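All figures in this text were calculated on a predicted structure; none of them were measured in a lab. These values consider heavy atoms only, across backbone and side chains, with no hydrogens, waters or symmetry-generated copies. Order of the sequence lines sets the chain letters (A, B, ...), proteins ahead of strands, with each chain counted from 1.
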Amino acid sequence: MFDAVEEIPPGRVSTYGAIGRLVGVGPRRVARALSQGGGAVPWYRVVRADGSMAEPVRVRQMELLAAEGVPVRNGKVVLAAVGWPG
DNA sequence: ACCCTGACATTGA
DNA sequence: GTCAATGCCAGGG
């Protein structure tokens, strides 16, 4: 699944659910994997289905995304614009 | 084995 | 658009 995450091009964003469907596992499995192993992959390009982000990292994540030119609206990523289906 | 908890998703109010 | 309830999978006590 880390492969799927690395597949996300810069400036684009995907969701836990999307990744989950790609690799055939539940979204929580993805979230868990990233929270533990993460670090070596662009985990910040993965957000919730509604574009919001996880509390523990939401600040950092917003910065990293903004740095790649990802549009954010009210603390939520504009998936309609940069969403990455896979 | 049972219960609680969490970087989640979907549905209905 | 925001909130609560329900379903889901895996870990830890």
Do [X] and [Y] have side chains that get closer than 4.5 Å, going by heavy atoms?
X: M53(A); Y: M62(A); value: yes
X: V70(A); Y: L64(A); value: no
X: V82(A); Y: L65(A); value: no

Please report, rounded to the nearest Å, how far the [atom2] atom of [N] is from the [atom1] atom of [X].
X: L79(A); N: dT10(B); atom1: CG; atom2: P; answer: 12 Å
X: R48(A); N: dG6(B); atom1: CZ; atom2: P; answer: 12 Å
X: Q36(A); N: dA7(B); atom1: CD; atom2: C1'; answer: 11 Å
X: W43(A); N: dC8(B); atom1: CH2; atom2: C1'; answer: 16 Å
X: R21(A); N: dA9(B); atom1: CZ; atom2: C1'; answer: 9 Å

Sort me out a list of protein N/O and nucleotides 3-5 of chain B N/O pairs below 3.5 Å, or just none if empty.
none

Regarding dA9(B), can its base be found pairing with the side chain of Y16(A) as donor and acceptor, where the two atoms are less than 3.5 Å apart?
no
Considering only heavy atoms, which members of residues 22-33 of chain A lie under 4.0 Å from some atom of DNA chain B?
P27(A), R28(A), A31(A)
Tell me which pairs pass salt bridge (Lys or Arg N to Asp or Glu O under 4.0 Å) where either residue lies in residues 64-86 of chain A, with sequence neighbours left out.
R45(A)-E68(A)
Shortest non-hydrogen pair, A54(A) vs R48(A), comes out as CA-NH2, 4.4 Å
Helical stems, DNA chain C - three or more consecutive Watson-Crick or G-U wobble pairs below 3.5 Å:
B:2-6 with C:9-13, B:8-13 with C:2-7
Side chain to side chain contact (heavy atoms under 4.5 Å, CB included) partners for A81(A), two or more places apart:
P71(A), V78(A)
How far, in whole Å, is dG12(B) from dC8(C) if one measures between their P atoms?
15 Å
Side chains of residues 24-37 of chain A: which donor-acceptor partners sit under 3.5 Å, not counting sequence neighbours?
residue : atom : partner : partner atom : Å
S35(A)  : OG   : A31(A)  : O            : 3.3
S35(A)  : OG   : R32(A)  : O            : 2.6

Which nucleotide of DNA chain C is the first, and which the last, in the 5' to 3' direction, to come under 4.0 Å of a heavy atom belonging to chain A?
dT2(C) to dG11(C)
Enumerate donor-acceptor pairs with a distance under 3.5 Å from any side-chain N or O in residues 11-19 of chain A to protein atoms, sequence neighbours excluded.
residue : atom : partner : partner atom : Å
S14(A)  : OG   : W84(A)  : O            : 3.4
T15(A)  : OG1  : A18(A)  : N            : 3.0

Pairs in or reaching into residues 52-65 of chain A: which pass side-chain hydrogen bond (donor to acceptor under 3.5 Å, both in side chains), with residues at least two apart or in two chains?
D50(A)-S52(A)
